[in-house]
Structures are given as structure tokens and as C-alpha cells.
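Below, chain A is the first sequence line, B the second, and so on; all start at residue 1. Predicted model, so just to flag it, every value in this text is computed and none were measured.
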There are 2 protein chains.
Amino acid sequence: MKTFQVELKKVVDDSYEVQIGKDLIRDLVEDLKNGLLNGIKKFAVITDSNVAPLYGEPVCEAIKKAGFLAELFVFPAGEKSKVRKTKEELEDAMLQKGFRRDCAVIAVGGGVVTDLAGFVAGTFGRGVPVVNYATSNLAAADASIGGKTAVDTDLATNLIGLIYQPKKVYVDIATWKTLPMEHRINGLAETVKHACLADYELFCYLEDHTEEILNCKEEECVYISEHNCMVKYQVVMKDEKEKNLREILNLGHTVGRAIETVSGYQLLHGQAVSIGLMAQARLGVQLGFMTEEELLRLERLLVKIGLPVTIPSYINKEELIQKLYTDKKVRDGKLRFVFEKGIGEVMTFGEEVYARPTAEEEIRAIIEEM
Amino acid sequence: MKTFQVELKKVVDDSYEVQIGKDLIRDLVEDLKNGLLNGIKKFAVITDSNVAPLYGEPVCEAIKKAGFLAELFVFPAGEKSKVRKTKEELEDAMLQKGFRRDCAVIAVGGGVVTDLAGFVAGTFGRGVPVVNYATSNLAAADASIGGKTAVDTDLATNLIGLIYQPKKVYVDIATWKTLPMEHRINGLAETVKHACLADYELFCYLEDHTEEILNCKEEECVYISEHNCMVKYQVVMKDEKEKNLREILNLGHTVGRAIETVSGYQLLHGQAVSIGLMAQARLGVQLGFMTEEELLRLERLLVKIGLPVTIPSYINKEELIQKLYTDKKVRDGKLRFVFEKGIGEVMTFGEEVYARPTAEEEIRAIIEEM
């Protein structure tokens, strides 16, 4: 009997920059020329069928014009593409075009694109660099920080994937104008969530600049993008030390995710989160975690943005309550909710516990009156 | 325009232990009880159809007997299973059985099992811990160190995968007895390769203890397993600083991999590598990198082990020469070979270059006379 010790302790530096501004394709190309990706000359531009003509092709063309090799890989737009089959098709297409270990991936699009393309990059040649060019406010709020990539399966969402950090993220605010208004509104729900859980200043800013943000005014959009990054970064970084802190990013998501599913995806993710935020706030008022006034203030902001604050009549409430039990925070069969403490902070329950065990009757009563 | 800096510099400790000995199932279970995997209580034991009755089931049973939850997941034995479809089926089976983020994977088997199960573990729930229980001398020599996991696709071998370190590796020498003699012999080719490229002492030991090793004597098998770990560890670790050093693990693999493919996999991997080692040594003698005597010594050892040293007559030599160009060391259309310097060292060609550009005529002459 022998043992052999494999020492693999090392300093890893995954730091990167998020650049927030308008029309950043030129900046991306300049960065590539200046060695952002250490002399890589071959780029797989991955995008979806909606984004391809708007930004995928221009990004690809600009990279080629700079003297690099680039190919565009397009998959059908929509959540349904976020599956292993699409990943496989992208990999095969890249191999077919001669891509091997010496390439990099440029993900151009919203959350589905960055989730999927990041996962492709993370396992192609055992990991090639990826750069995200985010073309929606939702991707900017959600996908810029954290490095989470994943696909869905029939049995679980986001369960097959990787934590894989991009080399740089570009948040191109000019792209938001090309989103239908419904999607601009939808994307803001995660920003409201971030404000609620950690950034009172952002909450006030959203109240005061709703119009400008929805109309894609540069200064205001840069402001919220930066604050989104800050909130998420602080939570994700702190979570390395403080166990479970990441749970607070689930604010509004217990009811939110369940209602999204029960609606058969008639509700967009942000709309569902908005209803979820209202549900936790209402319950929070009953439990003494926030005042009636703060609840009204949250409701007013969501309504002003154009987000729903009540449960649509077509939702089967019994089914919704049962669906709550598929939430990842459920422990030993018991529901657990993250709660706001007033506006701009979250409640803790004992040491390093951010989600409170919640009796079914408590949330049932709220759901029934909504 | 704003930029937001995401600071992600940190110390990562992926160190782990390789335990080499006989009948290590009890040690594995003790380690799990003693918190090797930080209190994880749910284990997916992944194995292939050959290994399942011999070791997969016993491992699974032993874990259950210790009071943990364990399920056995079996895929059809053979290289053909090392594909994305098998990975998907394993994931779905795990999800179906209720496995989520709070589990760990125990890989029980040879190289195909550890490659595949390691990849499954690396992306399940964005990464759950994996432990390797290696049941072949090839897996012990090859898969214990380096953390490489991968699957094959029609267009490329080992290109989709991850570097993902196990939490511990068990090299159970008792399992080698259950391998047919042909496979015991086959597995030794990588050990000879390690001896040739970095361990003269191991080379002499192999000459002196061929019989004992092939008959699975404990002391001798522990010795070679430990030396295999040492060689591979030194190369992989040094490679972090010394660019391209990993290339030396390709000794004998330029001709080896090509002949394996051209034989339609009639030749086992180790047999093909043995022929490849002879090809580079013969060319090395011509180029003055080793003596005629050293070549004969290598040939005698390979023959003593039972490995082939000439090209079988059914191999189409022209096809073999063309196949050399699919080698991953090919650069700008030129073949590149790693060469031994005598026995126990490799040649360098300029700074940090281990593979020498080699004219087709040079290797063609060798292949024709073999």
C-alpha cells in the first residue's frame, strides 16, 4: 500500500472587465487586436436567429475585416434551444468548420445565448475562451456576473452546466432599442429585484427615471447596468466566504419560477418574478419584515414599469402551490422564502440563513388573495 | 461609457491523493464516512457493463451498507460509449433517480469510465465531486493524474470535455488479475512510455520484473503504479510553467494513434503505442538521438512484455503515412515527432520545443522497413 500526493494548489485569476456603453463592436474588435485573448485568431460567433441579422452578422463581419478568421453559428431563438441537443449541434458545426482547441467563442445575444455559448466554450477542447456581447437588458443584469452557464433538460432547468468565467463582457445599451417594449419591461424585473435586495439608491433611481430607462436613454441605462453589476458582484463574491448568501438572488423567485411554469410560459420570466416579488412582499408585511407603505411603494414601481402585480385569472392556484415544492430552496420537504427587510436589504434568519422556512398556509393565503 | 472590474483572483486547492494497493473498497467507504466529500450522502456509482458485476456492484453495496444512499449507473463497455449520447443518458438516469446538486460521482472502471464519469460529474449541477476507483493498469497509468475528461465525436477524439480533478483516486491492483492477459500486456505500453521519457530506473525495473508485473504481484504493481504517477505528475505540473512540456507524453503516439485507427481498432491502444515507440526509436537512432544498443534494449523489453514491435502485414502503409497528418502536433502542415534521448529522457529542440519537425521521407523510410 502506497499513497501518492498530487499537489494542485495555485492562484487562479479569472478577473475580467464589463464594458457598458453604446455600439461596442468596434471596442470588441480593438480588444481582440490588442491581445485580449492572447493571440487567438479564430472566432466562433454564436448567436440566435433573432439576434443574428441585427448583431451576430455585424460582429462576425467586423472581426473578419480586422483580418481574423470568424464564422457565424446560429441556433433558433428561444428558451427551447437551451438544451444539450443545441450544444451538440453547435459543437459539430464548429468541428465541421475546422475549429479545434485554438479558437475562442464570441457569444452575441441575450441570456439564452450567453448560457449556451458559455457552456459550449467551457467544454470545447476542454475549455476555450469566451467573450459575451450582451444584447438585452436582462442579459446585462443577469448574465454579466457569476459565470453561470447551463442547459435545461426535461427533468431540471439549469442543472447541466458549468461555472465558466468570460474574458470580457460588453453591455451594448444601443441594442436594447431593438427589443420590443414588452421585453424591455420584462428585463427590468431583475433590476428591481437587485434594488430590493441590496441597493436602495437604485430603487429610488428606478422610481425617478422609469421613462428614460424604458426609452433607452444612455445615461440612465448605463447607471442601472452598473448598479446591476455591483449588486450581483458583491453577492457572488461575498458568497465565497458567506455560505448561502447567493440565495438572496432568489428574492421573488420561489413564486416567480413556479408561476412561470404553471402559466405554460405565457408569462415572461420578468413578469413572473414581478408577481413573485409582490407575493414575498405581501407575506413580508404580514410577518413584520416590511411596512404596508414599503409594499405600496414596490407595487407602484412595478406598475409604473408595466410589470404585473397580481396573479392572472387563468392560473390554477392549487397547481401553483404544488409547484412551489419543486423550488431548489426546499429543504426536507419544507418551503423556504427569501424576504426583503424594508427596501434595499434582505432578512437573515439566524447565522448565514437567508431563506426562511415558510408554512404552506402562510403563502397559500397570500396567493389566494392575489 | 463605464467599465466595471470583476476581481476574481483566488487560491484554488485541487490537491488530492492517489492510494495504491489491493482491495480498496473498504478504504473508499471509510474515507466517505470520514468526510472525504464534506458530508455528501448521495452517490452515483458509474461503471460499464464489464466492470459492473466485478466491482461496480460491490462498491455500490458497500457504500449503501455504510448508511449512505447509492445508485448504480451502468453503460455498455467499450470505446464506442465514450460519446455525448452516453453522457446524456447517464445524466437523465441520475435526474430520474432524484440526483441533484448534493451528490457525488464514484467512477469505477478503466479509462473510458473515468473519462466519461468525470465529465458527467464536472457538468452535473455545474460540478459535483468525483472519486475514481481505477480497475485497470491502463487507467492507473493514464487516468490518475491530469484531470482530463472527455468524450469523442465523429469528427474528433477527446475534444469535448473538461479538466476536472477528482477528490481521490484509488488504484486497486487486485482488479488487474481479472483482466485478460492481452489487456494486462496492453496496459503496460503506457508504463514503458513513461519509463522511456523520464524514468530510467523504472525502465530497468520493468526489464527485471516483467513476469511479476504480468502476474499481478503486489509489490511490483505498486512500484510501477507509483512511478507512473510520479512521471505524469512531474510532467503535468511542470507544464504549467514550461510551455509544451506535456507534448512529451506523446512519445510514440504519432505513429501509435495513426496505426490504431488504420488497423480499424484491431490493434489495442497499447499495442499501437508499442509499435509507435519502436518507430520513433528507429528514427531516433538514424538521427543520432539514441544508440543502436538502446534501440535493441527497448525492443527486447517490449517483446518480453508481449507487445508488438513491427507493423502487421495487414496495415496499408500508404494509408498510415497519410493518417499521420491528423496528429494534433502537426503544425503548418508539417509532421512533428517527440524523440527519446537515450533511455529515460526526451530530446528538446530549441527552447521549450519537444516535438521536432520531421520530413515525410524520414518517417516513410522507417515505416517501410518495419
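- Side-chain contact check for A:T123 versus B:F119: some heavy-atom pair is nearer than 4.5 Å.
- Here B:D92 is the residue among B:I163, B:D92, B:V171, B:V169 with the most heavy-atom pairs under 4.5 Å with chain A.
- Put simply, the side chain of B:K2 does not reach to within 4.5 Å of the side chain of A:Y223, judged on heavy atoms.
- Side-chain atoms of A:Q19 and B:T3 include no donor-acceptor pair closer than 3.5 Å.
- Side-chain contact between B:V6 and A:M237 is absent, with no heavy-atom pair separated by less than 4.5 Å.
- Heavy atoms closer than 4.5 Å to chain B are found in the side chain of A:I145, but not in its backbone.
- A 4.5 Å side-chain heavy-atom check between B:E88 and A:E88 finds at least one atom pair inside the cut-off.
- Under a 3.5 Å cut-off, the side chain of A:Y16 and the backbone N or O of B:L8 do not form any donor-acceptor pair.
- In this structure, A:K9 NZ and B:D14 CG are separated by 11.5 Å, a value rounded to the nearest 0.5 Å.
- Side-chain contact check for B:R126 versus A:K148: some heavy-atom pair is nearer than 4.5 Å.
- Looking at A:Q165, the atoms closer than 4.5 Å to chain B (heavy atoms on both sides) all sit in the side chain, from C-beta outward.
- By number of non-hydrogen pairs under 4.5 angstrom with chain A, the leading residue of B:N158, B:V120, B:T153 is B:N158.
- The contact between A:F124 and chain B is made by backbone and side chain atoms together, counting heavy-atom distances below 4.5 Å.
- Ranked by heavy-atom pairs under 4.5 Å with chain A, the list B:M230, B:E218, B:R100 is led by B:M230.
- Between chain A and the residues B:L95, B:I160, B:I173, the most heavy-atom pairs under 4.5 angstrom are made by B:I160.
- Here the side chains of A:E91 and B:R84 are in contact, with some heavy-atom distance below 4.5 Å.
- By number of non-hydrogen pairs under 4.5 angstrom with chain B, the leading residue of A:S225, A:A156, A:S15 is A:S15.
- Between atom CZ of residue B:R101 and atom CG of residue A:L159 there is a gap of 5.0 Å, rounded to the nearest 0.5 Å.
- Interface check for chain A: of the options B:G127, B:G147, B:G21, B:G161, the most heavy-atom pairs under 4.5 Å are formed by B:G161.
- For chain B, the nearby parts of A:V11 are the backbone and the side chain; heavy atoms of each come within less than 4.5 Å.
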